[in-house]
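Counting convention: from 1, in listed order, for ligands and their atoms alike. For reference, positions follow the sequence shown, starting with 1. Every value quoted in this text rests on a predicted model; they were computed, and no experiment measured them.
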Amino acid sequence: MTDLFPDDEPWVEPVTPGAVILRRFARGCARELLAGIDAVAARAPFRQMQTPGGFTMSVAMTSCGALGWVTDRQGYRYQPRDPQDLQPWPLMPPAFLTLGQQAAESAGFPGFMPDSCLINRYLPGARMALHQDKDERDLRAPIVSVSLGLTARFLFGGLSRRDPVRQIPLEHCDVVVWGGPARLAYHGIMPVRPGEHPLVGGVRYNLTLRQSGKNE
Ligand code: SIN
Ligand code: FE2
């Protein structure tokens with residue numbers, strides 16, 4: 001019998017105009033992505049940053065690429081150096097760039113040139129409050145967001161904080177791309193539930209590739 005949904009084939013799930021989930025899209029490069037995360041974190045360790053309001057984020061973060069996203073009491077911004085050691089951020093691993101470009105293209109956004117990748121690490125209980133990605137100068141480029149490890153409950157709303165919010169499970173190797181009319185959609189992550197992923201362990205990683213536009 002033919003398998004209508006073969007396990008090893010990615011499939012596309014539309015969310016709203018401008019937003020799609022590319023299910024299992026990163027399956028072929030998950031190990032390379034995980035090795036890339038380890039390499040970046042060896043140079044620029046994961047850290048829990050402070051929000052401008054003075055709260056410590058539950059998610060631990062690091063960055064790679066020409067620019068890294070940071071937050072502290074002074075606000076949210078992109079900067080070319082890691083505030084912890086004032087060194088440039090580690091180079092973006094080639095596997096991150098390739099996956100980001102292929103995913104953007106598959107979602108209908110050709111020519112994506114990410115210059116920044118935020119790496120989020122969620123231990124059980126960590127969450128990301130509803131927010132918009134709006135610190136990038138050029139909002140024409142999409143956001144490409146890769147899930148690795150433990151399953152997340154992704155929150156995806158509209159352009160206003162008050163719009164209804166959908167809760168969508170994101171599994172290992174799922175890639176979400178949002179741009180165009182969805183570029184400023186509110187999104188977040190519910191507290192991650194404890195578990196054990198066979199390849200990644202008791203943790204969830206998220207790679208958020210962005211074209212911050214600050215170099216143009
Ligand atoms: C984010 O919006 O920065 C993170 C989204 C995710 O962890 O999937
Ligand atoms: Fe975000």
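Inclusion of D133 in the set of residues having an N or O under 3.5 Å from an N or O of ligand 1 is not warranted. Residue Y122 has at least one nitrogen or oxygen atom sitting less than 3.5 Å from a nitrogen or oxygen atom of ligand 1, judged on distance alone.
In L184, the CG atom is crowded: over 12 heavy atoms of neighbouring residues, nucleotides or ligands sit closer than 6.0 Å.
The H187 neighbourhood of ligand 1 comprises atoms 2 (O), with distances under 4.0 Å to a heavy atom of that residue. Interface of M128 with ligand 1, defined as ligand atoms under 4.0 Å from a residue heavy atom, comprises 1 (C), 3 (O), 4 (C). Heavy-atom proximity to N120, at under 4.0 Å, picks out these atoms of ligand 1: 1 (C), 3 (O), 4 (C).
Taking the N/O/S atoms of H187 in turn, the shortest distance to the Fe ion (ligand 2) belongs to NE2.
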* Asked: How far apart are the C-alpha atoms of S147 and R204, what are their side-chain angles, what is the distance that settles it, and do they pass the side chain to side chain donor-acceptor pair (under 3.5 Å) test?
  -> CA-CA 7 Å; S147 291; R204 170 178 187 261; 2.7 Å; yes

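Under 4.0 Å is where a charged nitrogen must lie from a carboxylate oxygen, and between D138 and R183 no such pair does. Taking the charged nitrogens against the carboxylate oxygens, E171 and R24 do have a contact shorter than 4.0 Å, which makes a salt bridge.
Of the listed residues (I21, T16, D163), just one forms a side chain to side chain contact (heavy atoms under 4.5 Å, CB included) with F156, and that residue is T16.
Considering every non-hydrogen atom in both R23 and I168, the closest pair reads NH2-CG2, 3.6 Å.
Put simply, the angle at the Fe ion (ligand 2) from NE2 in H131 to OD1 in D133 is close to 90°, to the nearest 10°.
Counting only heavy atoms of the protein, atom 8 (O) of ligand 1 lies nearest to R204 NH2, 2.8 Å.
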